[in-house]
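Read through the structure below, which is laid out as C-alpha cells, and then see the notes.
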There are 2 protein chains.
Amino acid sequence: MDKQTPARRRPSMADVGRLAHVSAQTVSRLYTGGTVSSDSRRRIEAAVKELGYRPNKLPRSLRGARTETIGFLAMGPLNYGNAGILTGISRTARLEDQTLITTQFDLDVDDPATREEIWRALDSFMAIRVDGIIVATPYAGLETVIEHIDGAVPVVSLSERDRREGHSVHADSYGAARLAVHHLVELGHRRILHLAGPGNRNEASNRVKGYYDGLAAAGLDPLPLLHCQEWDADSGAACAAVADTSTFSAVFAANDEIALGFMSEMSRRGVVAPRDYSIVGVDDMPEARYFSPPLTSAELDFEKMGERALHLLLDQIRGTTTTPRGVVTSSLSVRASTAPHPNGQREDRQQ
Amino acid sequence: MDKQTPARRRPSMADVGRLAHVSAQTVSRLYTGGTVSSDSRRRIEAAVKELGYRPNKLPRSLRGARTETIGFLAMGPLNYGNAGILTGISRTARLEDQTLITTQFDLDVDDPATREEIWRALDSFMAIRVDGIIVATPYAGLETVIEHIDGAVPVVSLSERDRREGHSVHADSYGAARLAVHHLVELGHRRILHLAGPGNRNEASNRVKGYYDGLAAAGLDPLPLLHCQEWDADSGAACAAVADTSTFSAVFAANDEIALGFMSEMSRRGVVAPRDYSIVGVDDMPEARYFSPPLTSAELDFEKMGERALHLLLDQIRGTTTTPRGVVTSSLSVRASTAPHPNGQREDRQQ
DNA sequence: AAGCTGGGATCCGCTGATTCG
DNA sequence: CCGAATCAGCGGATCCCAGCT
C-alpha cells in the first residue's frame, strides 16, 4: 500500500495542456487574455474542471516586478481604532485586488526586544516580496526601523509621527481635541481636566496640544494632566480613582474607552455626569451612545484612514497620484454626558 | 536620461555571489545551513550588507511543497470576538513562522453575491498556494463553499457549525448560556428573558438552546425570544424598546454588546438594573466591568480559539496530532448587574 | 583515502518573445 | 495574419561531481 499521499502535486498548466491536447502556453494565453481558438478554449476549460486546476500566482510574482501583495503591521491591541483601520485596509485591498499580509502584535513598546520583533516581521514581508508596507504602530524607534527598508519598498505610516508629506495618514487628533474643548467651553466650563493618552505616542500628545491650545484660545488655564497607561477603560478608571473632584467641572478624555472607565469609577464614588461634571471623549465608537450617560464624542473615521493609507501606498507603488492626501478630519457628536455649567460665568472667580 | 528606475531589480543570490567571488550556490548554503568556509562566509556577509540583499522566499515556495503561509477569512464586523480570534491567530502564526494572509469583509450573509465574494477570496488564497485556511464566518452556505476546496487544502472552521471532528474550533456557547441562566435561577429569578443573537447563526442558536435547557433543568418555562439583528448595542437597544417590563425579572443577553444597548435603553425608560431586573451577558469583554451597572458575564476566550484553530490547522498540514481538540470552555464573572430576586420564591405564583 | 568546499546542471510553474504552419 | 508551439528566464534548492587538502 502506498503512503497516504497527503499532498499530491497540484495540477499545473502543463497538465491541463496535456489533457486538452494543447501546449501549456495556450492555456496561459487563455488566462492572460490572448487569442485562443474556441475549440481549444472548450477543451482547456473541460480539462481545468476535470483536474481541478487552479492558477498559481507564485511564478508570476517570481517573474514580474510586482507581487500585488502588501503588508500591514499593527502594534498594540486590536481595539476599536486598529480594528477600524484594518477593516478599511482589508476592504480596499479586496477592491484593488491586492493580497493583504497581516502581522499584529501587542508587545511592550519600550522593550528593546520589540525592535527585533518588528524587524522579523518586516523581514518576513520583504522575503515574500510585498510591493509595499503599511505600519500602524506607536513604536518610538519606528523611523529608524522603517528607514532601513524604505527605498527598497514604499512605506505608509499610520501613526501621527512626523513623516515627510505623502507617506503618512492620520486622524486629526489635534482638531478633535479642539472640537471637544471648544464644546465644553461653550457650555460655560472653565476648569477642564484632560485624561491624556499613553505618553510616548503622538496620538496622545497631539490631543494634549489641542487641549492646551483650546484652553488658551478661551483664555483659560489648563489643569495638571492625568496620564493613562493605555487607551483602555482600566486606565480611565485609574484616573478617576485619583481625580480631585473639587478641581474640575468638565473632563476631556483622550478616547471613549478612557471616558467609559472614568465615568464608571466616578459614579462608584457617587459623582455622576452630567449632573456633577461634563465629559467628552474621542473616537465616537458605536457603543458611546449607549454609555451611561450617552457620551459626547469627537468622531474619528478609522476605516477611512485605512482606505486612504492603502490608496496612498498604491500611488507610490504605481507612481500615480490620485489619492487626496493629508488628514482625516473629525466631527463632534453631542450627547447627554455634557451639560451647561450650572454656575455659568461665575465659576472662574470662585477660587 | 534614463527613466527614473523606480524599482530597480532587487539583488539576487547570484549578485551577492558575484560580489563575494563565490557562486550563488555557496551563498545559498550559508542560508540553508551547509558548510561554508569562514573566509567565504565573511565575504558573503559583506556583500549582503553592501547590496542590501534580502532572501526571497518565492522560489522556495514555488519549488517546495509548502509555502508556510496560511489564509484567514473572517466575515462580519471586526468586533470584540473576531478581533480576539485574529489576535490569537496572528500571535500563533508569528510563533510558528507562518505568514498570515487576511481577508475580512462585512457583507450581507444572505445576499447571493456574498457567495461569489467568498469564492473570490478563497480563490485568491489558493492562487498564492496557502498551506491551509481558517474561516470564521456564519455564512449559511459555508459548508458547500468549503467542500469545494477541502481536500485540496486543509480547512479549519471557527463557526459553531457542525463539522466533522478535528476540523472545527469554537467557544462553548451552550455552556456559557447554561452558566448564565443557572446564575439567574440561583438568584431566585423565575421569569428570564433571552435576547437572542442573529437568527441564522449557530453561535446564537446554541445560546438559545442553552437558555431553554437551563430553564427546563430548573423547571421553568421560557419567555418568547427577542431577536437581535446583529451582535451590537443597537440591536440590544431595539429589544429594550419593545420589551414588556411586566413579563420578566431577569435577562440573559446573547452577548455583552446587546446587554449594553438593552441596559441603556431600559434606563432611558426609567427601568434600571439591578434594582428592577438582573441581566447577564456573554463574552466578558474588558469593558463589561465598566458598564453601568458592571455587567455579569460569561467569559469566552477568543484569543485561545484563534490559537487553537491555527494549531489544529498546522496539525493537519504537518500530519501531526499535538493540539488538544474540542471546545474552549467558559466561566462566569459575577458583577453588580445581577441581584437576588426581591420576592424570592413567590414570584412564579404571582401571575 | 577520507573530508571539505565550490560549481554546474536541472527543476519549480508561468509568461514574454520568437518561431513555425 | 492568426493560432499554436518552442525557448528562455525569474531566484532560489538540490543532487552530483570536481577540486583541494
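The structure presented is a predicted model; accordingly, all values stated were derived computationally and were not measured. Chain naming here is simple, since letters A, B, ... match the order of the sequence lines and numbering starts at 1 in each.
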- Message: Please confirm whether the shortest side-chain N or O distance from Tyr53(A) to OP1 or OP2 of dC14(C) is below 4.0 Å.
- Response: yes
- Note on the structure: In whole angstroms, the gap separating C1' of dG11(D) from CZ of Arg54(B) amounts to 17 Å
- Task: Show the numbers, then the answer: is there a side chain to side chain donor-acceptor pair (under 3.5 Å) between Thr87(A) and Ser90(A)?
- Result: CA-CA 5 Å; Thr87(A) 296; Ser90(A) 189; over 6 Å; no
- What distance, rounded to whole Å, do you find between the two P atoms, one in dC16(D) and one in dC12(C)? 16 Å
- Message: Does a side-chain N or O of Arg60(A) approach OP1 or OP2 of dT15(C) to a distance below 4.0 Å, or not?
- Response: yes
- Item | Ser12(A) side chain near dG13(C) phosphate (N/O to OP1/OP2, under 4.0 Å) | no
- Message: From CG of Leu30(A) over to C1' of dC14(C), roughly how many Å is that when rounded to an integer?
- Response: 14 Å
- Which pair of non-hydrogen atoms, one from Pro55(B) and one from Tyr31(B), has the smallest distance, and what is that distance? CG-CE2, 3.8 Å
- side-chain N/O Ser28(B) vs dG11(D) OP1/OP2, d < 4.0 Å: no
- Task: Assign each of Ala24(B) and Pro59(B) to its nearest nucleotide of DNA chain C by heavy atoms, then name whichever residue's nucleotide is nearer the 5' end.
- Result: Ala24(B)
- Item | Ile128(B) CD1 to dC14(C) P, straight-line distance once rounded to whole Å | 15 Å
- Query: Under 4.0 Å between a side-chain N or O of Ser61(B) and OP1 or OP2 of dC12(C)?
  - Reply: no
- Atom-pair distance (CG on Leu62(B); P on dG12(D)), nearest Å: 12 Å
- Take atom CZ of Arg29(B) and atom C1' of dG8(C), then tell me their distance rounded to the nearest Å. 12 Å
- Message: Measuring to OP1 and OP2 of dG3(D), would you say a side-chain N or O of Thr35(A) lies under 4.0 angstrom away?
- Response: yes
- Message: Give me the distance, rounded to whole Å, that separates dT15(C) from dA13(D) when you measure between the P atoms they each carry.
- Response: 23 Å
- Classify the glycosidic conformation of dT18(C) as syn or anti, calling it syn when the angle lies within 90° of 0. anti
- Query: Under 4.0 Å between a side-chain N/O of Thr26(A) and OP1 or OP2 of dG3(D), yes or no?
  - Reply: no
- Item | Main-chain N/O of Ile70(B) paired with Asp131(B) side-chain donor or acceptor, under 3.5 Å | no
- Sticking with atom C1', work out how far dA9(C) lies from dA8(D), rounded to a whole angstrom. 15 Å
- Round to the nearest Å and state the distance from Arg18(A) atom CZ to dG13(C) atom P. 11 Å
- Item | Side chain of Asn56(A) (C-beta onward), nearest among dA4(D), dG13(C), dT15(C) | dG13(C)
- Message: What is the separation between atom CG on Asp39(B) and atom C1' on dC20(D), rounded to the nearest whole Å?
- Response: 15 Å
- Task: Examine the base of dG11(D) for any acceptor or donor lying under 3.5 Å from a partner atom in the side chain of Arg63(B), and report the outcome as yes or no.
- Result: no
- Would you say Ser124(B)'s side chain and Arg120(B)'s backbone share a donor-acceptor pair under 3.5 angstrom? no
- Message: Reading DNA chain C from 5' onward, which residue's closest nucleotide shows up sooner: Ala14(A) or Val36(B)?
- Response: Val36(B)
- Task: Could you check how far CZ of Arg66(B) sits from C1' of dA13(D), rounded to whole Å?
- Result: 16 Å
- Message: I'd like to know if Arg94(B) and Glu117(A) make a salt bridge, using a cut-off of under 4.0 Å between side-chain N and carboxylate O.
- Response: yes
- Can you find a heavy atom in the side chain of Arg54(B) that is under 4.5 Å from one in the side chain of Asp123(A)? yes
- Select base, sugar-phosphate, or nothing to describe what Val27(B) touches, counting heavy atoms under 4.0 Å on all strands. nothing
